[in-house]
Amino acid sequence: MASWRDCKAWQDAGLVLSTTSNEACKMYDATLTQYVTWKNDKSLGGIEGTLSKLQAADPSFSMGHVIANGLVLIGTGSSVRLDRKLDDAIRKMVAVSQSQPLTEREKLHVSAIELFANAQLPRACEVWEQILQNHPMDLLALKFAHDTYFYLGQQTQMRDSVARVYPHWTPDIPLSSYIKGMYSFGLMETNFFDRAEKLAYEALAINPTDAWSVHTLAHVHEMKADVKRGLAFMKQTENNWKDSDMLSCHNYWHWALYLIEKGDYETALTIYDTHIASRCQLSGTMLDVVDNSSMLYRLQLEGVNVGDRWKQVNQLTKKHAKDHILIFNDVHFLMSSLGAQDHKTTQELLATLQELAQVPDEDHELNLVPELGLPLLQSFVEFEMGNYDKAVELLYPVRYRLVEIGGSNAQRDVFAQLLIHAALNCKSKANQKLARCLLIERDELRPNSPLTERLMRKTTTLHALG
């Protein structure tokens, strides 16, 4: 069993935890470790079992409440608006924190989770950054900020948040190699590919099972359309990351992206059926659900018949059609209801989103809905209905703002592909010309892409017909 840190070890690290229970401190460490390494520890019953042990060891341990509530919120599958139990848990966290003397750092942690629970994500990040200025080795603050910047589409902030603390993370500090992986991901998303690649390989040299660093390298090869290296890398490292139950589905998704890029749809579907769909059905996590929807939609755009696969995904997504926690999630739920031809769920999703967005609120996501969320979602509906000019009219003006709904550059590429396909299918000569311009741009930024070449051939055919 791992040597988890007790009260004194946390104190020695300059991160005092307000509890006298060594067991609570150890279970806090075990929970944090599983969160950072993207892997449930079966010997502890995974994160869920670990949190139960933590709660039993000290029910009034404030940082125990912080990490438990934070992990529910960061999963984006629930919110206090939807879940009375979660709302009660947040209230209890605040009450517990006010009933005892805490360090300033712990008080700030409680405040950040309360802000996140109230959908004030940018303000929560500000509080985590305040913690990190004085406590650069506070990994919970760093990781919560990192993931939240990702949801906000704030790529530079995600990178720089880690850059500011990176020199403090010397090799003797537990989990320090994972900071390399986090930093490399921010560098990759801001197009520092060589530096990102170097750091990710450094992290893997220390720990080959670091699935997040594998994931960063998968992104680097994807952004460069380096299909050959990408496929070779995933195949060579598969045994090291396939047991990372929180991230393996996503890494297989990246593997399948190379195959779609290459035009090898049959093998992509095999990976989907064998690894992506099965893992999603087991976990039901938002990351896995998004991957399933995105994968099938990309294949469909390529003209692949995905059969009844949409129906299985829709069984998972339709339960969340009225949640509206993240626009990024909503658009993937919509792909699923459209793919399954579930008109009722599609209408529910759009109507309830519109309704929520009409009420003034401090909810960061809902404030993006009128100008960004609804045009994006409606463009998918118009495309499905064959109204390609309307789809372009809705999607083209917001293309540079889509980063604000979060996700990675690779994940949001499905929107770029949709816009190109819509423009290619337009009757309007102007939009057909736009398709060609978008493809020239794509070819410049991602040279030697087989997918771009295939779409370019379509524009040549259209030009010849015209």
Side-chain angles (χ1 to χ4, degrees), residues 73-77 79 81 112 115-129 144-162 185-191 219 223 286-287 289-291 293-294 297 320 323-335 349-350 352-354 356-381 383 391-420 422 438 441-442 445:
L73 292 165
I74 216 81
T76 72
S79 74
R81 173 165 47 82
L115 286 164
F116 193 111
N118 290 318
Q120 297 178 48
L121 275 60
R123 288 187 61 199
C125 286
E126 288 171 14
V127 176
W128 286 315
E129 292 298 350
F144 275 160
H146 189 74
D147 289 350
T148 306
Y149 284 134
F150 179 77
Y151 295 145
L152 293 168
Q154 295 181 348
Q155 300 160 307
T156 307
Q157 291 91 324
M158 180 174 66
R159 179 196 69 203
D160 293 352
S161 175
V162 187
F185 183 72
L187 287 162
M188 179 278 305
E189 282 293 283
T190 49
N191 302 321
H219 272 270
M223 291 296 99
M286 286 301 108
L287 176 59
V289 164
V290 161
D291 285 343
S293 298
S294 173
Y297 200 83
H320 297 285
D323 290 1
H324 307 307
I325 295 170
L326 292 180
I327 294 168
F328 184 81
N329 290 353
D330 279 349
V331 71
H332 287 84
F333 301 156
L334 181 69
M335 290 177 200
L349 193 158
L350 293 168
T352 53
L353 182 61
Q354 206 155 8
L356 271 175
Q358 285 170 356
V359 182
D361 199 294
E362 288 190 306
D363 187 311
H364 173 81
E365 284 292 307
L366 292 180
N367 287 334
L368 293 175
V369 169
E371 291 183 10
L372 189 54
L374 285 172
L376 172 61
L377 268 68
Q378 193 60 42
S379 70
F380 275 84
V381 176
F383 184 85
V392 172
E393 184 188 319
L394 288 162
L395 191 51
Y396 184 65
V398 299
R399 66 186 291 244
Y400 286 117
R401 285 196 61 193
L402 291 176
V403 65
E404 295 176 47
I405 70 165
S408 66
N409 294 330
Q411 286 175 312
R412 286 190 311 277
D413 190 48
V414 70
F415 309 139
Q417 291 181 38
L418 174 67
L419 177 59
I420 290 166
L438 291 170
E441 170 198 301
R442 187 180 181 88
L445 298 173

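These values consider heavy atoms only, across backbone and side chains, with no hydrogens, waters or symmetry-generated copies. Everything numeric here is computed off the predicted structure, so don't read it as measured data. Residue numbers start at 1 and run along the sequence shown.
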Visitor: Can you find a heavy atom in the side chain of Gln155 that is under 4.5 Å from one in the side chain of Asn409?
Guide: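 The answer is yes; the side chains approach within 4.5 Å.
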
Visitor: Take Leu395 and Phe383 through the test side chain to side chain contact (heavy atoms under 4.5 Å, CB included) and record every step on the way to the result.
Guide: CA-CA 10 Å; Leu395 191 51; Phe383 184 85; over 6 Å; no

Visitor: For Thr76 and His320, what are the C-alpha separation, side-chain angles and deciding distance, and is it a side chain to side chain contact (heavy atoms under 4.5 Å, CB included)?
Guide: CA-CA 11 Å; Thr76 72; His320 297 285; over 6 Å; no

Visitor: Pairs in or reaching into residues 365-379: which pass salt bridge (charged side-chain N to carboxylate O under 4.0 Å, His left out), with residues at least two apart or in two chains?
Guide: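 Non-adjacent pairs meeting salt bridge (charged side-chain N to carboxylate O under 4.0 Å, His left out): Glu371-Arg401.
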
Visitor: Check the orientation of His219 and Phe185. Use parallel for under 30°, tilted for 30 to 60°, and perpendicular for over 60°.
Guide: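 Perpendicular.
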
Visitor: Rounded to the nearest 0.5 Å, what separation is found between the CG atom of Leu372 and the CD1 atom of Ile405?
Guide: 6.5 Å

Visitor: Please walk me through it: do Tyr396 and Ser379 pass side chain to side chain contact (heavy atoms under 4.5 Å, CB included)?
Guide: CA-CA 10 Å; Tyr396 184 65; Ser379 70; over 6 Å; no

Visitor: Mind jotting down which residue pairs meet the salt bridge (charged side-chain N to carboxylate O under 4.0 Å, His left out) criterion with at least one end in residues 146-161? Sequence neighbours excluded, please.
Guide: Lys143-Asp147

Visitor: For Ala422 versus Ala391, what's the shortest heavy-atom pair and its separation?
Guide: CB-CB, 4.1 Å

Visitor: Checking side chain to side chain contact (heavy atoms under 4.5 Å, CB included) for the pair Leu377/Leu349: CA distance, chi angles, key distance, verdict?
Guide: CA-CA 10 Å; Leu377 268 68; Leu349 193 158; 3.4 Å; yes

Visitor: Do the non-hydrogen side-chain atoms of Val331 and Arg412 ever get within less than 4.5 Å of each other?
Guide: no

Visitor: Any chance the rings of His332 and Phe328 have centres within less than 6.0 Å?
Guide: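 Ring-ring flag for His332/Phe328: true, centres closer than 6.0 Å.
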
Visitor: Between Val398 and Glu404, is there a side-chain heavy-atom distance shorter than 4.5 Å?
Guide: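 Not touching, per the 4.5 Å side-chain cut-off.
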
Visitor: Distance from Leu334 atom CG to Ile327 atom CD1, nearest 0.5 Å?
Guide: 12.5 Å

Visitor: Which distance, rounded to the nearest 0.5 Å, do you find between the CG of Leu376 and the CZ of Phe415?
Guide: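 CZ of Phe415 is found 5.0 Å from CG of Leu376.
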
Visitor: State whether the side chain of Arg81 and the backbone N or O of His324 hold a donor-acceptor pair below 3.5 Å, judged by distance alone.
Guide: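 Checked: pair present.
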
Visitor: So, for Phe116 and Phe144, is the gap between ring centers shorter than 6.0 Å?
Guide: no

Visitor: Do Glu362 and Asn118 come within less than 4.5 Å of each other through their side chains, counting heavy atoms only?
Guide: no

Visitor: Tell me, do Asp323 and Ser79 make a side-chain contact under 4.5 Å, heavy atoms counted?
Guide: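 Contact flag for Asp323/Ser79 side chains = no.
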
Visitor: Just how far is it from atom CD of Glu189 to atom OH of Tyr149, taken to the nearest 0.5 Å?
Guide: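 Answer for the CD-OH pair, Glu189 versus Tyr149, is 15.5 Å.
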
Visitor: Ser294 side chain to Val290 main-chain N or O, any donor-acceptor pair under 3.5 Å?
Guide: no

Visitor: Return the CD to CD distance between Gln378 and Glu393, rounded to the nearest 0.5 Å.
Guide: 11.0 Å

Visitor: Is there a donor-acceptor contact under 3.5 Å from the side chain of Ser161 to the main chain of Met158?
Guide: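 A pair under 3.5 Å: no.
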
Visitor: Distance check, rounded to the nearest 0.5 Å: Arg399 atom CZ versus Leu419 atom CG?
Guide: 6.5 Å

